[in-house]
Amino acid sequence: MSKKNEVPEVDIVIDHEAGVIREVKQPGLRSKSGHERRVNGGIYTVLVIMSIIWLAPFVFLVFQSFRSYITESGGMVAYLLPKQWSLDNYIWLLTDEKSHFLQWYGNTLIIALFCAVIQTLMVLSVSYTLSRLRFKGRKLIMNVVLVLGMFPGFLTMITLYFLLKQLGLTQQGAIPGLILIYCASSGMGYYISKGFFDTIPKSLDESARIDGATRAQVFMKIIMPLAKPIVIYTILMAFMAPWGDYVFASYVAFGSEPNYNVAVGLYRWVNVNDYQGFFTRFCAGGVLVAVPITALFLALQKYYVEGVTGGAVKG
Amino acid sequence: MNDLDYLKLTGLSKLAYKCRQFFCGIPKKLAAFFLGIGRFLVKLVMGIGSEIKDVAATFANGDWKTKLSYLVMGFGSAARGQWGRGLLFFLFQTVFNVYMFMPNASFSGCYYLGKLSTLGTIETYREGRKTVYGDNSFFILLYGVLTIFFILAFIYTWRMNVKQNKLSEQILKSGKKLKSTKDDIKSLADEQFHKTLLALPTLGVTVFTILPIIFMILVAFTNFDATHQPPSKLFTWVGWDNFRQLLSSDSASYGNTFGQVLLWTLIWAFFATFLNYFLGMLVAIMINKKGIKLKKMWRTILVMTIAIPQFVSLLYVSKMFAADGLINTYLMKWGWIASPIPFWTDPVWARVTVIVINVWIGIPYLMLIATGILMNIPADLYESARIDGANAFQMYKKITLPYMLFVTGPYLLTSFTGNINNFNVIFLLSGGKPLSLELSGNAGYTDLLITWLYKMTVSDTNYKLAAVMGILVFLVCAVINLVVYNMIPSVKNEEDFQ
Amino acid sequence: MASVTLEHVKKIYDKKVVAVHDFNLEIKDKEFVVFVGPSGCGKSTTLRMIAGLEDISEGTLKIGDRVVNDVEPKDRDIAMVFQNYALYPHISVYENMAFSLRLRKMDKEEIHRRVCQAADILGITEYLGRKPKALSGGQRQRVAIGRAIVREPQVFLMDEPLSNLDAKLRNQMRAEIILLRKRIDTTFIYVTHDQTEAMTLGDRIVIMKDGFIQQVGTPQEVFDTPKNLFVAGFIGSPQMNFLKARLTKNGQGYAVQVQGITVPLEEKHNEILRRKGVGDMDIVLGVRPEHTSVRFGNRENAIESTITVNEMMGSELHLHVSTAAGDSVILRLPTVDLDDQTRQSLSYGNKLYFNFPGKVMHLFDPKTEESLLY
């Protein structure tokens, strides 16, 4: 009797309309045998241990960010809890004139905002076109994108750098340069939202076209309102990506400290500069970056879940 | 073997049969592939032939407007009242002519095209305090490629222009009206809406992806490296030399290192894909099990690692595992170990550590995907299995796993190639270290092809080898994709999912 | 209001697969035409070509006097009801119905008047404020129809509109479509795979198979005079019985020998066969279940058979029997006149004798599958 309960039971369902995973209370009493209880106990133990492992680095990060730079040490130390809690690191980051942190933060935010808008437009245009419109060369475009996608991204890095340099978009111009690079080819990442569009019945388009809508009107009036989850997913992804990019950002902004993004700046603190001195500042910077991003992400989690699960199933 | 014989086989022999079929099929497939290429070439030649014939016929049969359009693009369209189209054609022709035959010779398309075969001969040098500018191989190659793009685009547009004239004449002859410029603009929101939507993305991809990729493929056949930095030192074509240097195994070459790095890349991709996959599925099953409470909380805790930017989490974790990091210091404090564990300095430890930390990164992601799919498995499958007398493990093996594998087949494929190119994890965790004298080209034991490529580009400015490596990574991915595409049914047909 | 004319219309996919062959049909103004056939017969493709959702590979399509091959769907002045309703999920029922009118920039008052009128006809006034997902299947179907009728289109296209409904609702909606048609007298083209729907709704029925038109005619015509084996088998329920038989000419008259009995043909059929110059030949004989008669007393000139299944349908019995030659045949028998004892005898394994008159027989050439009579 007890064994049957070990199946991954359907007591949670994906609510496609709301785009969330929802738990459904199953009515009826279930007798809990000892075996069942032992199994559940084991699972709880595993989950608690996992939670500790998963959360620990972030908790440590927060702890260390509050360690006083002045009275203790800015480097790595052999203990976890700060002897004296202080806001030294944060104050230094935000107010000291040698700190470019606010500038980096602003740079990254600007890049992220622009990307969120432009990339979303690009991705939606491409995915909608490839999903709904039939025209000569459609298959060709999809195959070309597939082949291009197999080339490693960094291969083209120096070419892009020199292209940007020709346009004056490196070092001092790194911010618009990075926006250009992030957005220019973003249409290639159309797969997930195309998968979403593919699930909207074609008869809706057809019906609208018979009703007198042009294809542009179908796009704006019918498909876009229905695509809200995938629009949010795309915006979220486009907004988050620039916060973590080190490689291109460091290459394009090379040597021009005011034009770094947070990833480049903080990475250089720990790896290029003497990290022993800047470790706690790195932690504090990391906290300042991670908190808003994580909050945003968790708030929009359901759209993310829908995007990745849909994407994985669709391929 | 017929279908029924095949059905009689059990698990392993079925697989063996399939593999045998696959490998026996390779010669046939190769033959088909080359035959396909041959057919394509024949078709191409015939196509070009018939295009030329059509161009000639259009000229012979066309009226004077059509004939003039052969010289002045868009004239025919404009003369027949299609102002918009005519103007666009004419503008394109003007821009093309100006670019190709600019008065300032060193910026014109013809200049770059002419120098393309040598990549420049005059080096820039200093004469006293004055700099005498010569050629610049880099720009010659870059703009040379761009010019070829431009010429192809011109030929295509010119052909369109001719076709346009022919069509217009036909339409007019049959007594119908041509589309006005206003109709043309209107159609951009309707029949031609795909052009409107794709215009910008196509331009972006062409300039910022296709052009650079072709450029880098060409660089692989030059000696562009630290000692050949234009404009003071020009680079030139060297044929297959770089491939030889990277792949041959004599002492001056990188062949041995390349082999080792490739092997490690594949091992890494394998573990990073499948370990994460199965552990993620396991976690999903645990969290989704009936009777487990706080499902949402467990999920959210795990999902945090996706949300926090990787450069924060991975850099921090990397420091945790450093010789003077938290893990080692606490283990020593508690007396469990006498000296620090060489997480990042011993090759084996480093490799295991990156794989383990990658599990930490990967499980939440797979957990989400698996959760979504598990809940889509029809419940009646399990009910029917239970009635047939299956226990929990059998149900997992016979229903859950096959179902998961089937629907995530394409995902596993992209995930595998994605892991071959998984730059962030390696770069932020170990940076490819530990280095070794046994590996050439600055490679370390945890370096993947892609991080090695990065090092070559950024630290060594060895662009020629980086380019070769990029091509090889592409080939590896392409081969894996091709093989798997032929074996998994669910990736083949796009429309099956619609 | 307009006629629809299809001349040599063809649909070819990918230059290879022919979905519709040489389709010729003239649909008169205000006519209700039903395309019927099994799935994959090309009926939906044809409808979608008329709607402009599929390109026409060859031939011409006219709505009224205008050739519309290259006209966009929105400019054809047609309305269409889809199988899955295709209601816009994010806007209310009212907005769904007003959508096409708003796109045409119609006056607000006029839109309101038309939407209300359509809602009134269909009895969905109380749901106008709801979103489509808050409606039942039948209500959604009404909204879909409403969305089409507010347009007051020249031609009304319906693509299997009832097949997503359950049996009871389907019957009810079928009756409503008949009523609707009386109120909004316009040209209807209706696609279905269900022959009952086709028979009850259509002024004329177009029966299709594998992209070819098999027969065009009124419901009575296609029932009484099916042109070939396919039509004969497709129209009518339960299906027509087919038996191998031999046609023999005897002087001026013809007779059919089947399963040991001989049935002479009627004079008007004799005449047709004579005119065609038919001689002795093997044929496929078709007899509808309702045209057979069971012989309880006189077994002369009747086919002996064994009962295999007895289906009680209420007012009638469907008897599946197996003849001595091994063919299975369905017989339809009204229950009113049967006494208890006879009913008892109609059970599994018992012998039964049946025959049929000459005038109900359909004769088909086994090679061409064409009818010899019509």
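Source: prediction; values computed, not measured. Letters A, B, ... are given to chains in the order of the sequence lines, protein chains preceding strands, and every chain is numbered from 1.
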*So what's closer than 4.5 Å to chain A heavy atoms on Gln192(B): side chain, backbone, both or neither?*
neither

_Under 4.5 Å from any heavy atom of chain A - which part of Leu142(B)_ = side chain

*asked:* Counting heavy-atom pairs under 4.5 Å with chain B, which one of Gly286(A), Ala290(A), Gly153(A), Pro152(A) comes out on top?
replied: Pro152(A)

_Single hit among Phe427(B), Phe311(B), Tyr316(B) for ring-ring contact (aromatic ring centres under 6.0 Å, His included) with Tyr267(A)_ = Phe427(B)

*Given that the side chain runs from C-beta out, which part of Phe208(B) has a heavy atom under 4.5 Å from chain A: side chain, backbone, both or neither?*
both

_Less than 4.5 Å to any heavy atom of chain A: does that hold for the side chain of Ala189(B), its backbone, both, or neither?_
both

*Let me know if Val123(A) has heavy atoms under 4.5 Å from chain B in its side chain, its backbone, both or neither.*
neither

*Residue selection (most heavy-atom pairs with chain B, distance under 4.5 Å) from Val247(A), Ile181(A), Val289(A), Leu266(A)*: Val247(A)

*Can you tell which part of Ile308(B) gets under 4.5 Å to a heavy atom of chain A, answering side chain, backbone, both or neither?*
both

*Among Gly42(A), Gly244(A), Ala263(A), which residue forms the greatest number of heavy-atom pairs with chain B at distances under 4.5 Å?*
Ala263(A)

*Heavy-atom distance under 4.5 Å between the side chains of Thr159(A) and Leu211(B), does that happen here?*
no

_Residue part contacting chain B, namely of Ile200(A), when any heavy atom lies under 4.5 Å_ = neither

*Evaluate the ring planes of Phe135(A) and His194(B), with Trp represented by its six-membered ring, and classify them as parallel (under 30°), tilted (30 to 60°) or perpendicular (over 60°).*
parallel

*Sort Leu180(A) into side chain, backbone, both or neither according to what part of it lies under 4.5 angstrom from a heavy atom of chain B.*
side chain

_Close side-chain approach of Phe193(B) to Arg132(A), heavy-atom, < 4.5 Å_ = no

*Toward chain B, the part of Leu61(A) with a non-hydrogen atom under 4.5 Å*: both

*asked:* Quick check on Leu163(A) against chain B: is it the side chain, the backbone, both or neither that has a heavy atom closer than 4.5 Å?
replied: side chain

*Look at Phe58(A), Phe151(A), Phe154(A) and state which one has the largest set of heavy-atom pairs under 4.5 Å with chain B.*
Phe151(A)

*Contacting moiety of Ile306(B), where chain A heavy atoms sit under 4.5 Å*: both

*asked:* If I measure from the heavy atoms of chain A, does Trp298(B) come under 4.5 Å with its side chain, its backbone, both, or neither?
replied: side chain

*Go through the atoms of Phe254(A) and report whether side chain, backbone, both or neither lie under 4.5 Å from a heavy atom of chain B.*
neither

_Beyond-backbone contact of Tyr304(A) with Leu368(B), side-chain heavy atoms, under 4.5 angstrom_ = yes

*Would you say the side chain of Val305(A) lies within less than 4.5 Å of the side chain of Arg299(B), judging by non-hydrogen atoms?*
no

*Given a strict heavy-atom distance threshold of 4.5 Å, which part of Val147(A) is in contact with chain B: side chain, backbone, both, or neither?*
both

*Against chain B, label Tyr190(A) side chain, backbone, both or neither, depending on which of its atoms sit under 4.5 Å from a heavy atom there.*
neither

*Answer with side chain, backbone, both or neither: which region of Pro309(B) has an atom nearer than 4.5 Å to a non-hydrogen atom of chain A?*
side chain

*Side-chain heavy-atom pair Thr209(B), Thr156(A) within 4.5 angstrom cut-off*: no

*Looking at Ile158(A), Leu160(A), Leu55(A), which has the largest count of heavy-atom pairs under 4.5 Å with chain B?*
Ile158(A)

*Identify which of Gly187(A), Ala184(A), Ser250(A) forms the greatest number of heavy-atom pairs closer than 4.5 Å to chain B.*
Ala184(A)

*asked:* So, taking the atom named CD1 in Ile361(B) and the one named CH2 in Trp54(A), what distance separates them when rounded to the nearest 0.5 Å?
replied: 9.5 Å

*Can you tell which of Phe138(B), Phe215(B), Tyr396(B) has the highest number of heavy-atom pairs within less than 4.5 Å of chain A?*
Phe138(B)

*Using non-hydrogen atoms only, which part of Val317(B) is less than 4.5 Å away from chain A: side chain, backbone, both, or neither?*
side chain

_Counting C-beta onward and ignoring hydrogens, is there a side-chain heavy-atom pair between Met50(A) and Leu302(B) closer than 4.5 Å?_
yes

*Against chain B, label Ser186(A) side chain, backbone, both or neither, depending on which of its atoms sit under 4.5 Å from a heavy atom there.*
neither

_Partner set under side-chain hydrogen bond (donor to acceptor under 3.5 Å, both in side chains) for Asn328(B), not counting sequence neighbours_ = none

*Is chain A contacted by the side chain of Val219(B), its backbone, both, or neither, given a heavy-atom distance below 4.5 Å?*
neither

*Under 4.5 Å heavy-atom distance to chain B, tell me which part of Cys283(A) shows up: side chain, backbone, both or neither.*
side chain

*Separation between NZ of Lys293(B) and CG of Leu47(A), rounded to the nearest 0.5 Å*: 13.5 Å

*Under 4.5 Å heavy-atom distance to chain B, tell me which part of Leu298(A) shows up: side chain, backbone, both or neither.*
side chain

*Name the region of Thr305(B), side chain, backbone, both or neither, that has any atom closer than 4.5 Å to a heavy atom of chain A.*
both

